[in-house]
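Please read the structure below before turning to the comments.
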Amino acid sequence: MRILLVDDELEMADPLGRILAREGYEVDVAYDGDRGSQLAQQAHYDLLILDWMLPHQSGLQICQQLRSQGNATPVLFLTAKDTVDDRVSGLDAGADDYLVKPFELRELLARVRALLRRPVALDSPPESANKRLQVGDLELDADNQLAYRQGREIDLSEKEAQLLEYLMRHPNQLLTHEQIHQHLWGDSVEKPTSNALAAQIRLLRRKIETDGEPPLINTVYGKGYRFSSSSSGAD
């Protein structure tokens with residue numbers, strides 16, 4: 001699990017980053033809002049821990065920006081602001097949890113574990129957004145289960161359309177087998193076979209990657225898949 005910690009108090013951020021790393025998490029630390037926002041948008045994280053008050057832009061602004069872009073990564077706010085109005089503002093901005101400084105380390109770790117246990121949801125666009133997506137030369141009409149590439153129309157099954165939409169909403173991000181599996185099948189009573197995801201990927205590749213076209217779906221061995229418009233991954 002990968003965590004981004006953004007806090008301008010070095011005396012707290014650095015020790016907390018080391019503690020999270022000892023707990024087995026991969027941790028990136030940023031000390032101002034601009035750098036934190038940049039990392040949050042460029043890389044895939046399973047959890048963001050944001051200080052409310054930051055140089056350049058606040059944790060609240062970072063959270064609002066990510067949510068407006070459809071990024072549903074869980075956000076935990078760390079802040080000295082402890083009024084009801086402050087908590088409401090944080091939650092309305094899209095935060096998933098809120099911890100007031102000073103806090104007990106064991107409570108922070110418990111909240112981190114709880115947020116990371118939540119199933120990953122498909123990042124939802126605003127209600128008014130068009131369901132057509134485009135990455136590179138591939139366009140997806142999810143409502144009608146159709147894709148378009150190099151002038152050709154591609155018919156998709158419902159599951160293929162769901163898979164492709166999920167991949168295209170997370171371009172250049174590593175999506176783990178568990179994340180994709182949860183999105184496609186969730187807690188379905190009818191459990192798919194262990195190789196169902198690999199089979200679904202193969203079927204989708206055959207349709208959107210014909211001879212002479214650059215591959216779009218990269219396999220990250222042992223981890224998952226990455227969707228890119230200029231990929232050079234392996235099958």
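Here the structure is a predicted model, which is why all the values come from computation and not from measurement.
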ask   = Would you say the side-chain atoms of Gln182 pair up with the backbone N or O of Gln179, donor to acceptor, closer than 3.5 Å?
value = no
inquiry  = Has Lys207 got a side-chain atom pairing as donor or acceptor with Ile154's backbone, closer than 3.5 angstrom?
reply    = no
message = Donor-acceptor check, side chain of Asp7 to backbone of Glu9, threshold 3.5 angstrom: yes or no?
response = yes
query = Transitively linked via ILVMFWY side-chain contacts under 4.5 Å: Val135 with Leu204?
reply = yes
note = CG (Leu138) and CE (Met168) are apart, to the nearest 0.5 Å, by 4.5 Å
query = What are the two closest non-hydrogen atoms of Phe227 and Leu167, and how far apart are they?
reply = CB-O, 3.7 Å
query = Side chains of Tyr148 and Asp141: is there a donor and an acceptor less than 3.5 Å apart?
reply = no
task = Would you sort out whether Leu197 and Ile180 count as a side-chain contact (heavy atoms from CB on, under 4.5 Å), showing the intermediate values?
result = CA-CA 8 Å; Leu197 176 56; Ile180 302 173; 3.6 Å; yes
ask   = Got a second to check how far Arg169's CZ is from Leu133's CG, nearest 0.5 Å?
value = 4.5 Å
inquiry  = Quick check against the 3.5 Å criterion: does Asp96 have a side-chain atom that pairs as donor or acceptor with the backbone of Val75?
reply    = yes
key: Distance in Å, Ser37 OG paired with Gln61 CD, rounded so as to fall on 0.5 Å steps   = 9.5 Å
request  = Taking the side chain as every heavy atom from C-beta outward, state whether Leu115 and Asp97 have any pair of such atoms under 4.5 Å apart.
outcome  = yes
ask   = Atom CG in Leu47, atom CZ in Arg111: separation rounded to 0.5 Å?
value = 12.5 Å
query = Roughly how far, to the nearest 0.5 Å, is the CD atom of Glu209 from the CZ atom of Arg206?
reply = 12.0 Å
Cluster overlap Leu5 with Leu116, hydrophobic side-chain contacts below 4.5 Å = yes
request  = Determine yes or no for a side-chain-to-main-chain donor-acceptor pair under 3.5 angstrom, with Gln173 supplying the side chain and His44 the backbone.
outcome  = no
message = Within the supplied structure, the quantity of interest is the number of heavy atoms (other residues, nucleotides, ligands) at a distance under 6.0 Å from Lys101 NZ; does it exceed 12?
response = yes
inquiry  = For Gln41 and Gln65, which I'm curious about, is there any donor-acceptor pair between the side chains at under 3.5 Å?
reply    = yes
remark   = Looking only at heavy atoms, the pair that brings Ala142 and Glu165 closest together is CB-OE1, 3.7 Å
inquiry  = For a 4.5 angstrom cut-off between non-hydrogen side-chain atoms, does Glu26 reach Ile3?
reply    = no
Parallel, tilted or perpendicular, as decided by the 30° and 60° cut-offs, for the rings of Trp185 and His181 = tilted
note = Looking only at heavy atoms, the pair that brings Arg205 and Ile217 closest together is NH2-O, 2.8 Å
Check: Arg226 and Val220 side chains under 4.5 Å, non-hydrogen atoms = yes
request  = Answer yes or no: is there an ion pair linking Arg149 with Asp137, defined by an N-O contact shorter than 4.0 Å?
outcome  = yes
query = Taking atom CG of Leu78 and atom OH of Tyr98, what is their separation to the nearest 0.5 Å?
reply = 10.0 Å
inquiry  = Walk me through whether Val6 and Leu54 qualify under side-chain contact (heavy atoms from CB on, under 4.5 Å).
reply    = CA-CA 8 Å; Val6 188; Leu54 292 166; 3.5 Å; yes
ask   = Does a side-chain heavy-atom distance below 4.5 Å link Asn218 with Ser228?
value = yes
Backbone of Ser157 reached by a side-chain donor or acceptor of Glu160 within 3.5 Å = yes
request  = Would you list the pairs meeting salt bridge (charged side-chain N to carboxylate O under 4.0 Å, His left out) in which at least one residue belongs to residues 30-43, sequence neighbours left out?
outcome  = none
query = Stepwise, does the side-chain contact (heavy atoms from CB on, under 4.5 Å) test hold for Tyr45 with Leu39?
reply = CA-CA 9 Å; Tyr45 292 96; Leu39 287 173; 3.9 Å; yes
Can I get a per-line list of side-chain donor-acceptor pairs under 3.5 Å for residues 10-20, giving both atom names and the distance, sequence neighbours left out?
from: Asp14; atom 1: OD1; to: Tyr31; atom 2: OH; distance (Å): 2.5

inquiry  = If we ignore hydrogens and angles and just use 3.5 Å, is the side chain of Gln150 paired with the main-chain N or O of Glu213 as donor and acceptor?
reply    = no
key: Heavy-atom pair with the smallest gap, counting every atom of Ala161 and Leu140   = O-CD2, 4.2 Å
remark   = Cys63 and Gly94 have their tightest heavy-atom pair at SG-C, 3.6 Å
message = So which atom in Ile208 and which in Leu216 form the shortest heavy-atom distance, rounded to 0.1 Å?
response = CD1-CD1, 4.0 Å
message = Test of understanding: clusters of I, L, V, M, F, W, Y form through side-chain heavy atoms closer than 4.5 Å, transitively. Do Leu76 and Met1 belong to the same one?
response = yes
task = Indicate the ring-plane relationship of His183 and Tyr166, choosing parallel, tilted or perpendicular according to the 30° and 60° boundaries.
result = parallel
task = Examine Leu175 and Leu203 and state if one hydrophobic cluster contains both, with Ile, Leu, Val, Met, Phe, Trp and Tyr joined whenever side-chain heavy atoms are less than 4.5 Å apart.
result = no
Residue pair Leu4, Ile49: steps toward the side-chain contact (heavy atoms from CB on, under 4.5 Å) verdict = CA-CA 6 Å; Leu4 174 62; Ile49 302 177; over 6 Å; no
